[in-house]
Amino acid sequence: MSEEGSNSSNDAIDIVLYVFVLGPAVEWCLRSPRVNKSGPGSWRGISLAVTLLALVALGKMVWEVGVREPNHFETLGVRVDASTAEIKKAYKAVSLKYHPDKTDDPQAPAIFMRMQSAYETLKDPQSRDRYNKFGAGSSSEPEPSIMNMAIFYVMWLIMGYLLTMGKASEDARTWSFSGLLALAVIEYQTRILSYDYLSLVLPYNTVNEKIELLHRLFPPFLHGSRMISQVRSLIAKPSLGATSI
């Protein structure tokens, strides 16, 4: 499966997971009398809902990191900001170790082919930059890559609006749209303007991988915002009623 197809599949899984599974679960945490002894939206319910969202988001990210293939920089053991000379030096060192003529390791040919493929992509500055920003299989033309960026934001803009309809979710709508806008600005600056804000934290991960990680964090942020907004609305209702008496 292509990287674009895999990302689209992950986005579809996110929608199903957060809308049809975690959505009702969070609602139960906030409204269940068994959990909220003092009334809907108690701190016990809020804590349980936040913990549930955080655990699911963390578990999903750990699973995705664990099953993904190493990127080309990790394959050669170089940082994403490595120079062409450093990449060539690293390839020479690992190729001497895993070249089929240099070892009897049965896995050496497959490892050597991966390293050779990584080097072919990274030795050219233009292909390296394209791979770093947009992933494997990305087009040399910027238009398809920008279109793929836009699809994510259009999809979650629509989903965010549908999930935050109603007066009780007004705050969530503001927070989620602000978060989505901030994410779009970060992605534009990172992919297009080459500002890698996470280079010190994740030096061996590509820009594309870092942005995809931020994409994975938006659904729990959206649902967390929606949850807090609805809780604020539930808490405010008794106060409004008391004021009008």
Side-chain angles (χ1 to χ4, degrees), residues 1-14 58-149 151-152 186-217:
M1 180 184 291
S2 66
E3 188 165 348
E4 287 82 358
S6 177
N7 292 339
S8 298
S9 177
N10 284 333
D11 290 335
I13 292 173
D14 283 345
L58 178 62
K60 191 171 184 299
M61 285 190 294
V62 169
W63 178 80
E64 287 178 357
V65 170
V67 299
R68 73 170 177 84
E69 293 290 331
N71 64 50
H72 290 338
F73 296 95
E74 292 172 324
T75 297
L76 295 181
V78 296
R79 293 169 57 99
V80 173
D81 58 358
S83 65
T84 302
E86 290 173 327
I87 291 172
K88 184 176 181 179
K89 181 179 179 181
Y91 171 69
K92 184 176 181 180
V94 296
S95 63
L96 288 175
K97 180 179 180 180
Y98 290 103
H99 195 286
D101 295 338
K102 303 291 184 179
T103 179
D104 295 329
D105 187 346
Q107 296 182 347
I111 297 175
F112 181 76
M113 288 184 63
R114 287 202 305 271
M115 293 178 174
Q116 195 171 38
S117 176
Y119 179 66
E120 289 297 320
T121 299
L122 301 184
K123 70 178 182 179
D124 177 64
Q126 290 185 345
S127 65
R128 179 169 73 244
D129 184 68
R130 193 163 58 248
Y131 171 79
N132 178 36
K133 293 178 179 178
F134 298 102
S138 57
S139 171
S140 59
E141 298 296 329
E143 287 80 6
S145 300
I146 294 175
M147 182 62 68
N148 289 333
M149 288 170 52
I151 289 174
F152 171 86
I186 292 173
E187 181 164 0
Y188 176 79
Q189 291 180 331
T190 305
R191 291 195 198 265
I192 308 301
L193 302 183
S194 303
Y195 292 106
D196 189 355
Y197 297 104
L198 298 176
S199 60
L200 295 178
V201 181
L202 301 170
Y204 294 93
N205 292 92
T206 65
V207 162
N208 185 65
E209 290 173 337
K210 295 166 189 174
I211 292 298
E212 289 303 319
L213 177 62
L214 294 179
H215 282 186
R216 301 273 82 74
L217 291 176

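The basis for the numbers below is simple: all heavy atoms, side chains too, and nothing from hydrogens, waters or symmetry mates.
The minimum heavy-atom distance between Arg191 and Met149, with the atom names listed, is CD-SD, 3.7 Å. Nearest heavy atom pair, residue Asn132 against residue Val207, reads OD1-N, 2.9 Å. Taking every heavy atom of both residues into account, Gln107 and Asp105 meet most closely at N-OD1, 3.0 Å. Counting all heavy atoms, side chain and backbone alike, Val78 lies closest to Ala82 at CB-CB, 3.9 Å. When all heavy atoms are compared, the tightest approach of Arg79 to Tyr204 is N-CE2, 3.6 Å. Contact record, Lys210 with Ser199: NZ-CA, 3.6 Å, taken as the closest heavy-atom pair.
Separating the CG atom in Leu214 from the OH atom in Tyr197 is a distance of 12.0 Å, to the nearest 0.5 Å. Interatomic distance, CG of Asp196 versus OG1 of Thr206, reported as 9.0 Å (0.5 Å rounding). To the nearest 0.5 Å, atom CE of residue Met115 and atom CG of residue Leu76 are 7.0 Å apart. Atom CG of Leu217 and atom CG of Leu58 lie 10.0 Å apart (nearest 0.5 Å). Here the straight-line distance linking atom CG of Leu122 with atom OH of Tyr131 works out to 7.0 Å at 0.5 Å rounding.
Lys133 and Ser194 share a donor-acceptor pair across their side chains, judged by distance under 3.5 Å alone.
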message: Please determine whether side chain to side chain contact (heavy atoms under 4.5 Å, CB included) holds for the pair His72 and Arg128, giving the CA-CA distance in whole Å, both sets of side-chain angles, and the decisive distance to 0.1 Å.
response: CA-CA 9 Å; His72 290 338; Arg128 179 169 73 244; over 6 Å; no
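For the pair Thr190 (side chain) and Tyr195 (backbone), a donor-acceptor distance under 3.5 Å is present. Checked by atom type and distance alone, the side chain of Glu74 pairs as donor or acceptor with a backbone atom of Asn71 at under 3.5 Å.
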Let me check something: any side-chain donor-acceptor pairs from residues 87-98 under 3.5 Å, sequence neighbours excluded? List them with distances.
residue : atom : partner : partner atom : Å
Ser95   : OG   : Tyr91   : O            : 2.8
Ser95   : OG   : Lys92   : O            : 2.9

